[in-house]
Amino acid sequence: MLGALLPRLLPLSASKHGSNVAEVVLSLASPDQLDAAAEPIFGGGDEAPAALRRLLQHQFGNYVLQTLLRRLADGPRRAAALAKVREATTATNFGRSILSRLGEAEAA
């Protein structure tokens, strides 16, 4: 079930109930699955910055992003992801709120 839902994380994040499903899926995912889920959002692909912006600006997607960031293991991958969130944070998106909830506000 996880294998079928993880690739659909971004579309699931776009609705209230879908975002709840996405958060549960992330909470059950293995570290390897979490890395795979993070790649389209924080990776080096052409669409990653737009995916991150979508989650940062969305009223439900930002919760999915918070869950993903909480579940990423401490280390270079998580640090790089948080740096990308800091870079993409604006006065009009949920970036500051996400960083604050993760205890990263002072670094923003």
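Only this structure's heavy atoms are used, side chains among them; waters, hydrogens and symmetry mates stay out.
- Checking side-chain atoms of Ser100 against main-chain N and O of Arg96 turns up no donor-acceptor pair under 3.5 Å.
- Among all heavy-atom pairs drawn from Val85 and Leu65, the shortest one is CG2-CD2, 4.5 Å.
- The side chain to side chain donor-acceptor pair (under 3.5 Å) test applied to Thr92 returns Thr90, not counting sequence neighbours.
- In this structure Ala88 satisfies the side-chain contact (heavy atoms from CB on, under 4.5 Å) test together with Leu52, Leu56, sequence neighbours excluded.
- Residue pairs that meet the ring-ring contact (aromatic ring centres under 6.0 Å, His included) test with at least one member in residues 13-49, sequence neighbours left out, do not exist here.
- Take Ala29 and apply the side-chain contact (heavy atoms from CB on, under 4.5 Å) test, not counting sequence neighbours, and it matches Leu6, Gln33, Leu34.
- Contact detail for Leu69 and Ala81: the closest heavy-atom pair is CD2-CB, 3.8 Å.
- Annotation: salt bridge (charged side-chain N to carboxylate O under 4.0 Å, His left out) contacts involving residues 6-26, sequence neighbours excluded, are absent.
- A single hydrophobic cluster is seen to contain both Val24 and Ile41, as judged by linkage of ILVMFWY side chains at heavy-atom distances under 4.5 Å, directly or through other members.
- Leu102 and Tyr63 fall into different hydrophobic clusters, where Ile, Leu, Val, Met, Phe, Trp and Tyr are joined by side-chain heavy atoms under 4.5 Å apart, directly or via other members.
- Every pair passing salt bridge (charged side-chain N to carboxylate O under 4.0 Å, His left out) that includes a residue from residues 57-76 is listed here, sequence neighbours excluded: Asp74-Arg78.
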Passes side-chain contact (heavy atoms from CB on, under 4.5 Å), Leu10 versus Leu55? Steps please.
CA-CA 8 Å; Leu10 289 172; Leu55 290 173; 3.8 Å; yes
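- Within the structure, the salt bridge (charged side-chain N to carboxylate O under 4.0 Å, His left out) test picks out the following pairs touching residues 38-62 (sequence neighbours left out): Glu39-Arg77.
- The minimum heavy-atom distance linking Pro40 with Ala51 is given by the pair O-CB, 3.7 Å.
- In this structure, the separation between CD on Gln59 and OG on Ser15 is 10.5 Å, given to the nearest 0.5 Å.
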Assess the residue pair Ile98 and Thr89 against the criterion (side-chain contact (heavy atoms from CB on, under 4.5 Å)); give the C-alpha distance rounded to whole Å, side-chain angles, the decisive distance to 0.1 Å, and a yes or no.
CA-CA 9 Å; Ile98 290 169; Thr89 295; over 6 Å; no
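- For Ser97, the side-chain contact (heavy atoms from CB on, under 4.5 Å) criterion is met by Arg101, not counting sequence neighbours.
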Worked verdict on Leu12 versus Leu5 for side-chain contact (heavy atoms from CB on, under 4.5 Å)
CA-CA 9 Å; Leu12 283 171; Leu5 291 173; 4.3 Å; yes
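- By the ring pair (Phe, Tyr, Trp, His ring centres under 6.0 Å) test, Phe60 is found to be paired with His58, residues two or more places apart in sequence or in another chain being considered.
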